[in-house]
Undergrad: 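Handing you a structure now.
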Amino acid sequence: QVQLMESGGGLVQAGGSLRLSCAASGVIFSINAMGWYRQAPGKQRELVALVFSGGSINYADSVKDRFTVSRDNAQMTVYLQMNSLKPEDTAVYYCNALGSNYPDGPNRNYWGQGTQVTVSS
């Protein structure tokens with residue numbers, strides 16, 4: 001079973017920084033994408049940043065120029081460096097991986113348990 005483990009969340013003042021990490025483990029053949037989503041109270045879960053195996057990266061407009069996502073494919077690990085944090089960044093952040101566990105198998109979404117990021121004014 002594939003497991004994702006996040007770390008690095010916490011409470012920070014506006015303008016501060018945090019670095020999130022997520023490591024995948026378990027039986028997996030390939031990971032096509034890894035990244036981060038977040039969900040604020042009363043809102044839908046939204047994409048923050050996603051890194052594809054081919055190297056392309058998608059960022060939400062709200063975090064461009066402030067957040068940086070990076071991926072270590074060999075270690076199946078993804079990071080999210082968050083700078084210039086704003087109160088509106090407050091949310092539960094979820095690690096996500098899209099992959100298959102055998103050749104020519106279907107892609108499946110895997111999710112971490114979530115880590116709380118709180119930014120105070």
Side-chain angles (χ1 to χ4, degrees):
Q1 184 177 11
V2 176
Q3 292 183 320
L4 303 178
M5 183 173 293
E6 302 111 327
S7 63
L11 192 154
V12 66
Q13 292 284 103
S17 298
L18 285 173
R19 182 176 174 85
L20 306 183
S21 300
C22 174
S25 63
V27 178
I28 189 164
F29 178 73
S30 65
I31 296 177
N32 295 318
M34 289 190 72
W36 297 90
Y37 291 73
R38 68 185 182 186
Q39 187 168 21
K43 294 187 177 181
Q44 295 289 322
R45 187 173 299 185
E46 66 174 351
L47 172 71
V48 177
L50 195 63
V51 183
F52 295 88
S53 295
S56 63
I57 301 174
N58 291 341
Y59 288 101
D61 289 340
S62 60
V63 306
K64 287 182 178 178
D65 302 320
R66 298 189 298 119
F67 292 7
T68 302
V69 66
S70 59
R71 178 180 173 183
D72 183 341
N73 290 330
Q75 299 298 318
M76 297 189 295
T77 303
V78 65
Y79 306 92
L80 185 67
Q81 179 66 47
M82 304 184 293
N83 299 323
S84 301
L85 283 162
K86 304 175 180 179
E88 51 262 43
D89 295 317
T90 296
V92 177
Y93 284 69
Y94 296 92
C95 180
N96 170 262
L98 178 66
S100 60
N101 57 11
Y102 59 91
D104 298 322
N107 284 318
R108 293 183 173 88
N109 270 306
Y110 301 93
W111 296 93
Q113 79 283 359
T115 185
Q116 178 70 48
V117 172
T118 302
V119 184
S120 61
S121 301

Undergrad: Sort and list the pairs that fulfil ring-ring contact (aromatic ring centres under 6.0 Å, His included) and have at least one residue in residues 48-77, not counting sequence neighbours.
TA: none

Undergrad: Should the heavy atoms of other residues, nucleotides or ligands under 6.0 Å from CD of Glu88 be counted, would the total exceed 12?
TA: yes

Undergrad: Taking side-chain contact (heavy atoms from CB on, under 4.5 Å) as the definition, give me every residue that meets it alongside Val117, ordered by chain and number, with sequence neighbours left out.
TA: Leu18, Leu20, Met82, Tyr93, Val119

Undergrad: Atom CG of Asn107 and atom CG of Asn101: how far apart are they, to the nearest 0.5 Å?
TA: 10.0 Å

Undergrad: As an exercise, state the distance from OH of Tyr79 to CG of Asp72, rounded to the nearest 0.5 Å.
TA: 5.5 Å

Undergrad: Between Ser17 and Ser84, which heavy-atom pair has the shortest distance, and what is it?
TA: OG-N, 4.4 Å

Undergrad: Return the set of residues passing side chain to side chain donor-acceptor pair (under 3.5 Å) with Gln113 (not counting sequence neighbours), or none when no residue passes.
TA: Glu6

Undergrad: Looking at residues at least two apart in the chain, or sitting in another chain, which of them share a side-chain contact (heavy atoms from CB on, under 4.5 Å) with Ser30?
TA: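 Only Asn32, Ser100 meet the side-chain contact (heavy atoms from CB on, under 4.5 Å) criterion with Ser30.
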
Undergrad: Who clusters with Leu98? Use side-chain heavy atoms, under 4.5 angstrom, across I, L, V, M, F, W and Y, and order the result by chain and number.
TA: none

Undergrad: When clusters are formed by joining ILVMFWY residues with side-chain heavy atoms under 4.5 Å apart, either directly or through shared neighbours, do Leu50 and Met76 land in the same one?
TA: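 Shared cluster, no.
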
Undergrad: Return each pair, listed once, that meets salt bridge (Lys or Arg N to Asp or Glu O under 4.0 Å) where at least one residue sits in residues 15-42; pairs must be two or more places apart or across chains.
TA: Arg38-Glu46, Arg38-Asp89

Undergrad: Starting at CG of Asn96, measure out to CG of Leu47 and round the result to the nearest 0.5 Å.
TA: 9.0 Å

Undergrad: Shared ILVMFWY cluster between Val92 and Leu4, side chains joined below 4.5 angstrom?
TA: no

Undergrad: How long is the straight-line distance from CE of Met34 back to OG of Ser53, given to the nearest 0.5 Å?
TA: 10.0 Å

Undergrad: Rounded to the nearest 0.5 Å, what's the gap from CZ on Arg66 to CG on Leu85? Could you check?
TA: 6.5 Å

Undergrad: Got a sec, which residues hit ring-ring contact (aromatic ring centres under 6.0 Å, His included) with Tyr37, two or more places apart in sequence or on another chain?
TA: Trp111

Undergrad: Measure the spacing between CD1 of Ile57 and CZ of Arg71 and express it to the nearest 0.5 Å.
TA: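 Answer for the CD1-CZ pair, Ile57 versus Arg71, is 10.5 Å.
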
Undergrad: Work out which heavy atom in Ala49 is nearest to a heavy atom in Leu80; give both atom names and the distance.
TA: CB-CD1, 4.3 Å

Undergrad: Quick test of your reading: applying disulfide (SG to SG under 2.5 Å), list the pairs with at least one residue in residues 7-110, sequence neighbours left out, ordered by first then second residue.
TA: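 Qualifying pairs: Cys22-Cys95.
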
Undergrad: What residues form a side-chain contact (heavy atoms from CB on, under 4.5 Å) with Gln39, not counting sequence neighbours?
TA: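 With neighbours one apart ignored, the set is Arg45, Tyr94.
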
Undergrad: Taking all non-hydrogen atoms of both residues into account, name the closest pair between Pro87 and Ser121 and its distance.
TA: CG-OG, 3.6 Å

Undergrad: Locate the shortest heavy-atom distance separating Leu11 from Ser120; write the atom from each residue and the value.
TA: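 Looking at all heavy atoms of both residues, the shortest contact is CD2-OG, 4.4 Å.
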
Undergrad: With sequence neighbours excluded, what pairs up with Pro106 under the side-chain contact (heavy atoms from CB on, under 4.5 Å) test?
TA: Tyr102, Arg108

Undergrad: Test: salt bridge (Lys or Arg N to Asp or Glu O under 4.0 Å). Region: residues 52-62. Which pairs qualify, not counting sequence neighbours?
TA: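 As it turns out, the salt bridge (Lys or Arg N to Asp or Glu O under 4.0 Å) pairs with a partner in residues 52-62, which skip direct neighbours, are Asp61-Lys64.
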
Undergrad: Taking only residues two or more places apart in sequence, or in another chain, which ones meet Asp65 in a side chain to side chain donor-acceptor pair (under 3.5 Å)?
TA: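 So Asp65 forms no side chain to side chain donor-acceptor pair (under 3.5 Å) with any residue.
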
